[in-house]
2 protein chains.
Amino acid sequence: MSGFGPDAPFLADCPARMAVELIADKWTVVVLYGLSQGPVRHGELAALIGGISRKMLTRTLRRLEAHGLVRRHAYAEVPPRVEYELTPLGATLIDPIHMLTEWARQNGDAVLDALDAAPGSATAGD
Amino acid sequence: MSGFGPDAPFLADCPARMAVELIADKWTVVVLYGLSQGPVRHGELAALIGGISRKMLTRTLRRLEAHGLVRRHAYAEVPPRVEYELTPLGATLIDPIHMLTEWARQNGDAVLDALDAAPGSATAGD
DNA sequence: CAGTATCCGCCCTGATACTG
DNA sequence: CAGTATCAGGGCGGATACTG
């Protein structure tokens, strides 16, 4: 991190903010992860992830495409076939994401426990 | 990652989803990062981050507190002084977050370039 | 200084129906 | 199969004013 003063708040103009805004939504990380093993078709991806609407899947993919993280391959066939895959740039995001999921695997229970012990939780999970 | 089938969509019941939902908002990551160097007061944190409203700061902190990632310390003084600090559990999240910000430092420009080259962008940044 | 309460707009998200 | 269009709702997030 670079700046750390009141005049130039850390993260304010820093690329980290961009990264956060890039992945800080409900589906981006999940979609990236779904593509991490190689090219996947639209429908496959939807089934793989589960619970995502086609609209959100398409929107997320389009956005990632615009950011240069995902490449779209439309084959001129019938029925249509479209595959998505990570670009080399997009592939570099897998490591950080993997760290995050690893963290979750190791500390997920602790978070759930804390949530449980928190005031106003009747044995309730998130 | 464990399951990868249509019946048990990857990430569906997996702790990774929780991690994503935990940090997938505008401020959580930034706030965690702001706490990464030690205890900080409420106002300090707001100034440090920059652009965050007190409401969102408090809400974010409360949520992190409920998840066991942040501890709140209110001193019985006047004027009031409240400090927030990462719990040991919360501190473990810094590494993954740091990976993310590091990624942004190294690939931020590439993303911006892609965004620039994308259709429908008149030299526009995000 | 720290925090809450209220109002309100915006956009994220999902459901559904439709096109190629 | 892939994608868009449209409608509707919920909650995020900001601005402001107020309390202790």
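Every value quoted in this text rests on a predicted model; they were computed, and no experiment measured them. The figures here come from the full heavy-atom set of this structure, side chains too, leaving out hydrogens, waters and symmetry mates. Throughout, a chain's letter reflects where its sequence line sits, starting with A, and its residues are numbered from 1.
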Whole-Å distance separating the [atom1] atom of [X] from the [atom2] atom of [N]:
{"X": "A/R63", "N": "C/dC12", "atom1": "CZ", "atom2": "C1'", "value": "11 Å"}
{"X": "B/H73", "N": "C/dC1", "atom1": "NE2", "atom2": "C1'", "value": "18 Å"}
{"X": "B/H42", "N": "C/dA2", "atom1": "NE2", "atom2": "C1'", "value": "6 Å"}
{"X": "A/L45", "N": "D/dC1", "atom1": "CG", "atom2": "P", "value": "15 Å"}
{"X": "B/L57", "N": "C/dA2", "atom1": "CG", "atom2": "C1'", "value": "10 Å"}
{"X": "A/I52", "N": "C/dA15", "atom1": "CD1", "atom2": "P", "value": "12 Å"}
{"X": "A/E21", "N": "D/dC12", "atom1": "CD", "atom2": "P", "value": "17 Å"}
{"X": "A/L61", "N": "C/dT13", "atom1": "CG", "atom2": "P", "value": "14 Å"}

Check every atom of [options] against the side chain of [X] and return the nucleotide holding the closest atom.
{"X": "B/D25", "options": "C/dG14, D/dG13, D/dG3", "answer": "D/dG13"}
{"X": "B/R41", "options": "C/dC1, D/dT4, C/dG3", "answer": "C/dC1"}
{"X": "A/R62", "options": "D/dG13, D/dA2, D/dT4", "answer": "D/dT4"}
{"X": "A/K55", "options": "C/dC1, D/dG3, D/dT6", "answer": "D/dT6"}

Within 6.0 Å of CZ in B/R71, more than 12 heavy atoms from elsewhere: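 No - once you tally the heavy atoms of other residues, nucleotides and ligands closer than 6.0 Å, there are 12 at most.
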Which residues within residues 74-83 of chain A lie with some heavy atom under 4.0 Å of an atom in DNA chain C? A/P80
Does any part of the side chain of B/M99, heavy atoms only, come nearer than 4.5 Å to the side chain of A/D95, both counted from C-beta? yes
Validation row: B/E85, B/R72 side chains within 4.5 angstrom (heavy atoms):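 Of all side-chain heavy-atom pairs linking B/R72 with B/E85, none is under 4.5 Å.
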N/O donor-acceptor pair under 3.5 Å between B/T87 side chain and B/L69 backbone: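 It does hold such a pair.
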Indicate, with a heavy-atom threshold strictly under 4.0 Å, whether A/R59 touches base, sugar-phosphate, or nothing. base
Could you grab the distance from atom [atom1] of [X] to atom [atom2] of [Y], nearest 0.5 Å is fine?
{"X": "B/L35", "Y": "B/L48", "atom1": "CG", "atom2": "CG", "result": "9.0 Å"}
{"X": "B/L86", "Y": "B/L93", "atom1": "CG", "atom2": "CG", "result": "9.0 Å"}
{"X": "A/I52", "Y": "A/W27", "atom1": "CD1", "atom2": "CH2", "result": "5.0 Å"}

What pairs of residues pass the salt bridge (charged side-chain N to carboxylate O under 4.0 Å, His left out) test when at least one of them lies in residues 22-48 of chain B, not counting sequence neighbours? B/D25-B/R63
Relative to the 5' end of DNA chain D, which residue comes earlier, B/M56 or A/R72, by the nucleotide with the nearest heavy atom?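 Its nearest nucleotide lies further toward 5', so the answer is A/R72.
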Using rotation axes that map the C1' atoms of four end pairs onto the next four (five pairs an end), what angle separates the end axes of the helix from C/dC1-D/dG20 to C/dG20-D/dC1, to 10°? 40°
Would you call the rings of A/H42 and A/Y84 parallel, tilted or perpendicular if under 30° counts as parallel and over 60° as perpendicular? tilted
Please determine whether a side-chain nitrogen or oxygen atom of A/R54 lies at a distance below 4.0 Å from atom OP1 or OP2 of D/dT4.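 The answer is no; no side-chain N or O of A/R54 sits under 4.0 Å from OP1 or OP2.
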